[in-house]
Visitor: 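Just dropping this structure here.
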Amino acid sequence: MQPVLEIKNYSLGLSIDDSVYKVLNNINFTFYKGKIHAIVGESGCGKTMSVMSVLKLLPKNSKVLSGEILFEGLDLLKLSEKEIRKIRGRKIALIPQDPMTSLNPLYTIENQLIETIMLHNDISRDEALNKAIEALESVELRDAKNRIKSYPHELSGGMKQRVIIAMALAANADILIADEPTTALDVTIQAQILKLLEKIKEQGKTIILITHDLGVVARYSDDISIMYLGNVVERAQSDELFKNPHHPYTRALIDALPVRKGKKLKNIKGQPSALTEPIFGCPFHPRCQRADDTCASKLPHLENIGKSSVACYHPL
Ligand SMILES: Nc1ncnc2c1ncn2[C@@H]1O[C@H](COP(=O)(O)OP(=O)(O)OP(=O)(O)O)[C@@H](O)[C@H]1O
Ligand SMILES: [Mg+2]
């Protein structure tokens, strides 16, 4: 199958107090049409930076150190701001980590949706209004005709998230990047939004789903990449990853999932080191029970084990 988007050997640095720290280290991702690819890892491991790189929405103090991001025969990293604007929103849309940043509190949903639609389509305001209502209906926002008159603060968290997804769909983007789309929502609404993303994927879109919660993606993702401190440490199809996890970090994430009510969770001991701390060897080795001297001195690279790719000297 031909990938729709590829991140290849990509490294990103951040300058902090005159030093450059590697926030992403030689990462590779391959995304396919009609699939949900989940990027999973603890807070600060570089999930948001990875996808913001695709849209060139990076902080000023960042610097691309190596690699390419391939989309429709172009290296997105080489595009000018003007060129990337033709792709951002139109072909690759972002559902950002903080939904309020993409809704303007001063305008109604109608105004915001119509503006997005008219920006991407050459149609009248009336036609745009119909399309806006259609878009809201397609994300199963109840009573869309009336709800469209609301201001963002009049909507619940789940409704706001649906509106943001509708905006991404209204621009007809092929790829949807959802950065923690359900973190702020309660469990029932979370499941509804994930089901909605699944439906959108079945219509042939590519979805990149970022989450720190492996439990969320268990049911909904096709492919999973596990990140740890700026590195991809394991990559596999979803069912394979849960059946045969190979990296000790992946295993630890699975063991930390709540199984049954009342059953005690196995927390992962310790926490990832800070970006500004130097890393020697495998980034996970300070927390890993299988680690030895090799792990502490040399960075492991992704290698194939069965149907998975794993960066570990002592895989399970
Ligand atoms: N503008 C910035 N300047 C300096 N460091 C930054 C900046 N933005 C992010 N970082 C650091 O870069 C690293 C990766 O951040 P990123 O936001 O990609 O993590 P994440 O995996 O999305 O985490 P979370 O789950 O908390 O959203 C973190 O250590 C973060 O503190
Ligand atoms: Mg993030």
Side-chain angles (χ1 to χ4, degrees), residues 5 7 10-29 31 36-67 69 76-77 92-102 157 161 164 168 175-185 190 193-194 197 207-217 221 223-235 247 249-250 252-253 256-257 267-268 270-280 282-284 286-287 299 311:
L5 176 70
I7 300 184
Y10 178 65
S11 296
L12 183 78
L14 279 177
S15 319
I16 303 169
D17 300 336
D18 296 334
S19 302
V20 177
Y21 298 96
K22 240 188 197 178
V23 61
L24 297 173
N25 185 21
N26 202 26
I27 56 168
N28 285 278
F29 292 104
F31 303 106
I36 296 184
H37 188 132
I39 302 179
V40 186
E42 279 164 290
S43 184
C45 70
K47 304 180 296 290
T48 297
M49 287 289 182
S50 302
V51 291
M52 287 308 202
S53 299
V54 173
L55 295 171
K56 291 188 106 164
L57 292 172
L58 289 167
K60 281 210 177 69
N61 60 338
S62 62
K63 187 173 185 311
V64 174
L65 303 174
S66 70
I69 299 183
L76 299 183
L77 294 174
I92 306 177
L94 176 71
I95 301 165
Q97 188 153 2
D98 174 7
M100 278 321 278
T101 57
S102 57
Q161 201 57 296
I164 291 163
I175 301 176
L176 249 67
I177 299 175
D179 193 352
E180 304 271 7
T182 62
T183 306
L185 306 174
Q190 228 180 57
I193 296 290
L194 288 163
L197 290 177
I207 295 177
I208 304 175
L209 175 63
I210 294 183
T211 175
H212 60 269
D213 182 355
L214 196 55
V216 159
V217 299
S221 59
D223 301 305
I224 299 183
S225 294
I226 305 282
M227 286 189 80
Y228 192 82
L229 275 182
N231 291 267
V232 175
V233 298
E234 182 157 3
R235 186 174 62 214
H247 199 286
Y249 180 56
T250 309
L253 286 176
L257 291 175
N267 284 325
I268 312 176
Q271 56 188 37
S273 47
L275 182 65
T276 46
E277 270 176 53
I279 301 173
F280 299 101
C282 169
F284 187 58
R287 298 169 79 187
L299 179 76

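Values reported hereafter were calculated over all heavy atoms of this structure, with side chains retained and with hydrogens, waters and symmetry mates removed. Note that ligands are numbered from 1 as they come in the structure, with each ligand's atoms numbered from 1 the same way. None of the values given here were measured: they were computed from a predicted structure.
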Visitor: Quick check on contacts: which atoms of ligand 1 are under 4.0 angstrom from a heavy atom of V23?
Guide: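 Reading through ligand 1 atom by atom, the close ones are 12 (O), 13 (C), 14 (C).
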Visitor: Mind checking whether L14 contacts ligand 1 via backbone (N, CA, C, O), side chain (CB onward), both or neither, at a 4.0 Å heavy-atom cut-off?
Guide: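 L14 to ligand 1: side-chain contact only, backbone stays beyond 4.0 Å.
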Visitor: Counting only non-hydrogen atoms of the protein, does one fall under 4.0 Å from atom 30 (C) of ligand 1?
Guide: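 False for atom 30 (C) of ligand 1.
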Visitor: List the steps, then state whether salt bridge (Lys or Arg N to Asp or Glu O under 4.0 Å) holds for E42 with R287.
Guide: CA-CA 13 Å; E42 279 164 290; R287 298 169 79 187; 3.1 Å; yes
Visitor: Is I16 in polar range of ligand 1, meaning some N or O pair under 3.5 Å apart?
Guide: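 I16 vs ligand 1: no N/O contact under 3.5 Å.
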Visitor: Which bit of D179 gets closer than 4.0 Å to ligand 1, counting heavy atoms only: side chain, backbone, both or neither?
Guide: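 Neither; nothing of D179 gets under 4.0 Å from ligand 1.
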Visitor: Applying a strict 4.0 Å limit to heavy atoms, is C45 in contact with ligand 1?
Guide: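 Distance cut 4.0 Å: C45 passes for ligand 1.
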Visitor: Pick, from I39, L58, L275, L12, the option with the minimum heavy-atom distance to atom 11 (C) of ligand 1.
Guide: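 Checking each option, the heavy atom nearest atom 11 (C) of ligand 1 is found in L275.
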Visitor: Show me which atoms of ligand 1 lie under 4.0 Å from any heavy atom of T48.
Guide: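 Those of ligand 1 that fall under 4.0 Å from T48 are 17 (O), 18 (O), 20 (P), 22 (O), 27 (O).
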Visitor: Is the contact between K47 and ligand 1 made by the side chain, the backbone, both, or neither, using heavy atoms and a 4.0 Å cut-off?
Guide: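 The part of K47 near ligand 1 is both the backbone and the side chain.
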Visitor: Name the one of L209, I207, I92 that satisfies side chain to side chain contact (heavy atoms under 4.5 Å, CB included) with I177?
Guide: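 Option passing the side chain to side chain contact (heavy atoms under 4.5 Å, CB included) with I177: I92.
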Visitor: Only heavy atoms of P59, strictly under 4.0 Å: list the atoms of ligand 1 that pass.
Guide: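 Those of ligand 1 that fall under 4.0 Å from P59 are 1 (N).
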Visitor: For S50, is at least one N or O under 3.5 Å away from an N or O on ligand 1?
Guide: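 For ligand 1, there is no N or O atom that lies under 3.5 Å from one belonging to S50.
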